[in-house]
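Working notes, structure below.
Since we're looking at a predicted model, the values are computed, not measured. Note that ligands are numbered from 1 as they come in the structure, with each ligand's atoms numbered from 1 the same way.
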Amino acid sequence: MKTVPVIFDTDPGIDDAMAIIFLHACNNLALKGITTVFGNASIEHCTNNALYLCERFNIPAPVYAGAGLTLLGTAEDDYPDFVHGADGLANMHVTPSAKTQEALPAHEYLIETARAHPGELTIIAVGRLTNLAHAIQADNSFTTNVKEIVLMGGAVDVPGNVTQWAEANIIGDPEATDVVFTSGIPTTQVGLDVTMKSLMSEEYIAELAGRCGDAGKLLNEITPYYLNFYRGRTGENGFACHDSSAVAYAEDPSIYETKTGDLAVVLTGEQRGRTTFSENQHGKHTLCTRANSQALMDIYAEHLVKQYG
Ligand code: BDR
Ligand code: CA
């Protein structure tokens, strides 16, 4: 039963797209809406891609466009086209035929939905935390109304993927991360500590693609570009399972080993964007320290085959 109300906050993004089709197939997660944020590409591209994916896969969730600038108002002048393509989606340059974005800004939708489901709403955040920071700053009730945030971002005991210290979603807006981490909202970090160790190999994708209909066609369209980047960077014939790991945690937390404590983000100096964690049984935060990667690959594949095969 899809009993857990969820908002997906995302910057699609190749791995974001893979996570959206996974989330739609989940057994426990009821996707209420999608909020977009700039990151892997501009806010216009990311919102366009979210609308296209919803339309193509009959995902009824409304799409709300969010921040195109950091919390402090800085524009991005260098989107990672070498990872996700100039349009964020492997240079497919897709266009939705009819679905359009909602009028409400993303952070207002986040506030309204949390208010409508006090103590129940899970926000799966797989981009910069700018929309969430705006919601926290705009409405005092937001922090108490949200049940939890599941964040793909950060790196505690492993190196970053943008700098030696910092992961992309955090270095993209450290001040927004700080607002979220100090807000008191229970937050689980599904960061590079686990996502870099859960590789989706070329063989895994090829085998799965043949079994899950149009979702498989999408995997064949978008993952070669992503794989090419990872192959060049790590030398391995597979790519890290980033955003779908956060969805998997929300769907079935037993896939992960965790610690309880307090997360923080470094805002200044060469370690800007680094996330740190101190263990403390009374802490508001959870850090994923290990993944059962086989269980993750299995749940991703089983859900896609069930929904689209
Ligand atoms: C994160 O950064 C983005 O490129 C991906 O979509 C993912 O959310 C990985 O560091
Ligand atoms: Ca993302």
Side-chain angles (χ1 to χ4, degrees), residues 7-23 34-43 45-50 53 63 66-68 70 76 78-91 106 123-132 149-156 158-174 176-177 180 187-200 219 222-223 225-230 232-234 238-250 265 273-275 288 291 296 300:
I7 293 176
F8 194 57
D9 190 63
T10 178
D11 59 339
I14 292 174
D15 63 318
D16 302 72
M18 293 178 69
I20 288 172
I21 58 174
F22 178 38
L23 176 48
I34 293 176
T35 50
T36 57
V37 63
F38 78 118
N40 288 327
S42 69
I43 186 62
H45 278 309
C46 292
T47 305
N48 175 75
N49 294 342
L53 291 161
V63 174
T70 66
E76 181 60 72
D78 198 13
Y79 291 108
D81 55 353
F82 51 97
V83 186
H84 295 273
D87 63 343
L89 210 54
N91 293 325
I123 300 166
I124 303 176
V126 298
R128 301 167 189 218
L129 293 172
T130 321
N131 293 335
L132 273 67
I149 295 168
V150 179
L151 160 68
M152 190 284 125
V156 170
V158 295
N161 60 3
V162 173
T163 71
Q164 184 192 340
W165 306 101
E167 182 278 334
N169 290 337
I170 305 300
I171 190 85
D173 200 342
T177 308
V180 170
T187 298
T188 297
Q189 178 162 307
V190 189
L192 300 185
D193 300 73
V194 288
T195 66
M196 286 302 288
K197 292 173 188 146
S198 296
L199 288 193
M200 289 179 153
L219 294 180
I222 62 176
T223 60
Y225 195 94
Y226 203 49
L227 179 62
N228 193 42
F229 164 74
Y230 271 92
R233 178 170 272 208
T234 66
F239 53 82
C241 179
H242 292 306
D243 291 352
S244 291
S245 291
V247 176
Y249 177 87
V265 59
R274 178 183 186 183
T275 56
C288 288
L296 173 61
Y300 187 83

Hey, are the side chains of [X] and [Y] touching, using non-hydrogen atoms and a 4.5 Å cut-off?
{"X": "Asp193", "Y": "Cys288", "answer": "no"}
{"X": "Tyr79", "Y": "Phe38", "answer": "yes"}
{"X": "Leu151", "Y": "Leu129", "answer": "yes"}

Kindly give the heavy-atom pair with the smallest separation between [X] and [Y], and that separation in Å.
{"X": "Gly39", "Y": "Arg128", "answer": "CA-NE, 3.5 Å"}
{"X": "Ala248", "Y": "Phe22", "answer": "N-CE2, 3.7 Å"}
{"X": "Asp87", "Y": "Asn49", "answer": "O-ND2, 2.8 Å"}

Rounded to the nearest 0.5 Å, how far apart are SG of Cys46 and CD1 of Ile34?
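That separation rounds to 12.0 Å.
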Which residues share a side-chain hydrogen bond (donor to acceptor under 3.5 Å, both in side chains) with Asn169, sequence neighbours left out
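Applying side-chain hydrogen bond (donor to acceptor under 3.5 Å, both in side chains) to Asn169 gives none.
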Which protein atoms of type N, O or S are found under 3.0 Å from the Ca ion (ligand 2)?
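Near the Ca ion (ligand 2), below 3.0 Å, one finds Asp11 OD1, Asp16 OD1, Asp16 OD2, Val126 O, Asp243 OD2.
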For ligand 1, give me the residues whose heavy-atom distance to it is below 4.0 Å, by chain and number please.
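Ligand 1 pocket, heavy atoms under 4.0 Å: Asp15, Asp16, Asn40, His84, Val126, Met152, Asn161, Glu167, Ala168, Asn169, His242, Asp243.
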How would you list, by chain and number, every residue that makes a ring pair (Phe, Tyr, Trp, His ring centres under 6.0 Å) with Tyr230, sequence neighbours excluded?
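Partners of Tyr230 by the ring pair (Phe, Tyr, Trp, His ring centres under 6.0 Å) criterion, ordered by chain and then number, come out as Tyr226.
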